[in-house]
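Heads up, the thing below is written out as structure tokens.
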Amino acid sequence: MVATDRLNQTSNILHKSMKRASSIAHLTALDHPFKIAVIGSGNWGTTIAKVVSENAALNPQLFASEVRMWVFEEKIDGKNLTEIINTDHENVKYLPNIKLPVNLIATPDLLDTVEGADIIIFNIPHQFLTRIVQQLKGHVDSHVRAISCLKGFEVGARGVQLLSTYITDELGIECGALSGANIATEVAKENWSETTVAYHIPEDFRGEGYDVDHKVLKALFHRPYFHVSVIEDVAGISVSGALKNVVALGCGFVEGLGWGNNASAAIQRVGLGEIIKFGQMFFPESRVETYYQESAGVADLITTCAGGRNVKVAKLMAESGMSALDAEKKLLNGQSAQGIITCKEVHEWLETCNSISEFPLFEAVYQIIYNNLPMENIPDMIDELEVFR
Ligand SMILES: NC(=O)C1=CN([C@@H]2O[C@H](COP(=O)(O)OP(=O)(O)OC[C@H]3O[C@@H](n4cnc5c(N)ncnc54)[C@H](O)[C@@H]3O)[C@@H](O)[C@H]2O)C=CC1
Ligand SMILES: O=C(CO)COP(=O)(O)O
């Protein structure tokens, strides 16, 4: 009896998941298949390009098969990286040993990459976004839709902005975000993980089948090894994605000092509190539930603090006395630990708002990286300000 119940339960689950998969597979673009462009070809840029190219190839009614990926051109052993990707179907510098789909085409020209695109996926280290967006100005139709996979903020004359908002403001296109517990190499190897996509349906939505909606985004990003939840809270997933990189630096410091798991857990506890507080203060539209219910929230914090690049860079700083930039250069072969820039941007913003004392961990990380504050001071800095008690 128990065995029969289990069998029925399993068959229900299977039935539901097959129904979900087939409802995604049967979507059709009524006008023309959506053409996808990916801007960025780093560790995560190439991984996401692989994911969406697989779905484009499998779903010709919904997506144009060819996916273009913009590559910041560089020479590898005298050969252009774009040529290597297009011939060997491997990004040997930023995602080695992973075969890329043949319908993924590397392009060195930014405007060629986005020509005719219906959906643009931004996926570059956030320090390069401004320059790229300025080059795209005037070349992107207002009906193009975008998703930002970047983790960071834009801090400038308009205050602190989500990167998706910056893209919308500058290019006049609707932009959502994708963020989750997604160490790129694990996703690229097709180890199971979850992610969160957040997108608002814009006022000029042209109708189901003619425009990008939550079903289209699920069909674009969901893979058997990459499970997507689509929600509305762009701010919540973006705030947690940006700030967990700062917390991860804190974890790397205590790990490098040899303080063990309890210290790392303490940093993550305080960090999660500061992330939620930052969201509530500066992005009140973000939902507190997002931080603990979505992959983009606490799950991303956990995976990054366990094995991300930010934690590795900070650990090396603690062990060797190197600066953050030297440690990044030594460890990452051209990749970026985004927390190094984000903690500076956060510091500048909090200073403007007179709110530094409310975010002692973020401030401690900034002071360690930019003003050589001893790492051993972290517990005192957190305690002195007694924010969470
Ligand atoms: N790698 C990961 O595991 C994950 C990364 N992210 C986020 O995704 C975003 C992109 O990260 P990755 O793809 O990992 O990049 P990355 O850290 O691998 O950076 C290397 C990329 O930067 C490019 N680049 C170097 N100089 C440039 C310049 N002057 N102009 C334009 N591009 C230049 C390189 O060509 C290369 O494509 C970041 O915001 C990151 O936080 C999000 C989830 C996972
Ligand atoms: O964002 C990430 C995992 O979701 C990757 O974090 P790192 O940039 O620290 O490797």
Side-chain angles (χ1 to χ4, degrees), residues 33-60 62-136 139-140 144-151 163 167 171 173 175 178 182-190 220-221 223 225-226 309 332-336 338:
F34 298 112
K35 193 170 170 198
I36 316 300
V38 179
I39 296 181
S41 54
N43 193 231
W44 189 225
T46 309
T47 301
I48 279 293
K50 171 181 179 290
V51 165
V52 300
S53 300
E54 288 167 1
N55 279 328
L58 285 169
N59 208 340
L62 192 57
F63 301 117
S65 170
E66 183 180 295
V67 173
R68 290 198 183 171
M69 172 173 77
W70 175 71
V71 174
F72 180 73
E73 191 68 285
E74 60 187 290
K75 295 271 187 206
I76 312 282
D77 297 331
K79 243 180 142 182
N80 284 337
L81 181 56
T82 46
E83 259 178 82
I84 299 173
I85 295 174
N86 289 335
T87 325
D88 301 342
H89 307 291
E90 184 181 336
N91 185 339
V92 290
K93 175 150 184 198
Y94 297 106
L95 195 63
N97 305 314
I98 299 292
K99 269 289 160 227
L100 300 173
V102 293
N103 59 320
L104 175 62
I105 308 298
T107 319
D109 186 298
L110 186 62
L111 298 185
D112 278 353
T113 308
V114 298
E115 198 188 342
D118 301 289
I119 304 174
I120 302 179
I121 299 165
F122 288 86
N123 205 342
I124 44 171
H126 83 277
Q127 61 272 29
F128 306 127
L129 183 66
T130 312
R131 202 147 36 95
I132 283 167
V133 164
Q134 294 314 315
Q135 286 175 56
L136 289 174
H139 299 279
V140 178
V144 168
R145 310 306 185 190
I147 293 290
S148 160
C149 301
L150 283 66
K151 291 180 175 171
L163 299 175
I167 291 168
L171 299 180
I173 59 176
C175 185
L178 178 150
N182 301 140
I183 304 268
T185 43
E186 295 180 18
V187 179
K189 285 183 196 156
E190 306 188 0
L220 182 59
F221 292 108
R223 299 289 303 135
Y225 58 85
F226 192 55
R309 298 169 297 186
L332 298 185
N333 189 29
Q335 295 183 34
S336 178
Q338 297 273 266

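Numbers here simply count residues along the sequence, with the first being 1. Side chains are part of it too, since the values below use all heavy atoms of this structure and drop only hydrogens, waters and symmetry mates.
Looking only at side-chain heavy atoms (C-beta outward), Val133 and Leu129 come within less than 4.5 Å of each other. Inter-residue side-chain proximity for Leu111 and Leu136 is flagged as met; some heavy-atom pair is nearer than 4.5 Å. With contacts defined as side-chain heavy-atom distances shorter than 4.5 Å, the pair Arg309/Asn43 qualifies. Two residues are said to be in side-chain contact when any heavy atoms from C-beta on lie closer than 4.5 Å; Thr82 and Thr107 fail this criterion. Put simply, the side chain of Val71 reaches to within 4.5 Å of the side chain of Met69, judged on heavy atoms. The shortest side-chain heavy-atom distance between Lys75 and Asn80 falls under the 4.5 Å cut-off. At a threshold of 4.5 Å between non-hydrogen side-chain atoms, the residues Tyr225 and Val51 count as touching.
Checking side-chain atoms of Glu73 against main-chain N and O of Leu81 turns up a donor-acceptor pair under 3.5 Å. Counting only distance, with no hydrogens or angles, the side chain of Trp70 and the backbone of Pro108 share a donor-acceptor pair below 3.5 Å. Side-chain atoms of Ser65 never come within 3.5 Å of backbone atoms of Ala57 as a donor-acceptor pair (strictly under, hydrogens ignored). At least one donor-acceptor pair closer than 3.5 Å links the side chain of Lys35 to the backbone N or O of Glu115. Side-chain atoms of Gln338 come within 3.5 Å of backbone N or O of His126 as a donor-acceptor pair. Counting only distance, with no hydrogens or angles, the side chain of Asn103 and the backbone of Ser53 share a donor-acceptor pair below 3.5 Å. Side-chain atoms of Asn182 do not come within 3.5 Å of backbone N or O of Val187 as any donor-acceptor pair.
For Ile48 against Ile121, the heavy-atom pair with the smallest separation is CG2-CG2, 4.0 Å. Annotation for Val114 and Ala37: closest pair CA-CB, 4.2 Å, computed over non-hydrogen atoms. Scanning all heavy atoms of the two residues, the minimum distance from Val67 to Val38 falls at CG1-CG2, 4.1 Å. Contact detail for Gln127 and Ser336: the closest heavy-atom pair is NE2-OG, 3.3 Å. Listed here is the closest heavy atom pair of Ser148 and Leu163: OG-CB, 4.3 Å. Considering all non-hydrogen atoms of both residues, Leu58 and Arg223 come closest at CD1-NH1, 3.3 Å.
For the atom pair OG1 of Thr46 and CD1 of Ile85, the computed distance is 6.0 Å after rounding to the nearest 0.5 Å. Atom NZ of Lys189 sits about 11.0 Å away from atom CD1 of Ile183, to the nearest 0.5 Å. Note: Ile36 CD1 to Leu220 CG = 5.0 Å, rounded to the nearest 0.5 Å. Residue Asn123 holds its CG atom at 8.0 Å from CG of Leu178, rounded to the nearest 0.5 Å. Note that the CH2 atom of Trp44 and the OG1 atom of Thr185 stand 10.0 Å from one another [nearest 0.5 Å]. With values rounded to the nearest 0.5 angstrom, Leu104 atom CG is found 8.0 Å from Asn86 atom CG.
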Result block: side-chain N/O donor-acceptor pairs under 3.5 angstrom for residues 92-102, not counting sequence neighbours:
{"residue": "Lys93", "atom": "NZ", "partner": "Glu74", "partner atom": "OE1", "Å": "2.9"}
{"residue": "Tyr94", "atom": "OH", "partner": "Glu74", "partner atom": "OE2", "Å": "2.8"}
{"residue": "Lys99", "atom": "NZ", "partner": "Asp88", "partner atom": "O", "Å": "2.6"}

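Relative ring orientation between Phe63 and Phe34 is described as tilted, the plane-to-plane angle lying within the 30° to 60° band.
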Intermediate values then yes/no, side-chain contact (heavy atoms from CB on, under 4.5 Å), Ile147 and Phe221: CA-CA 11 Å; Ile147 293 290; Phe221 292 108; 4.1 Å; yes
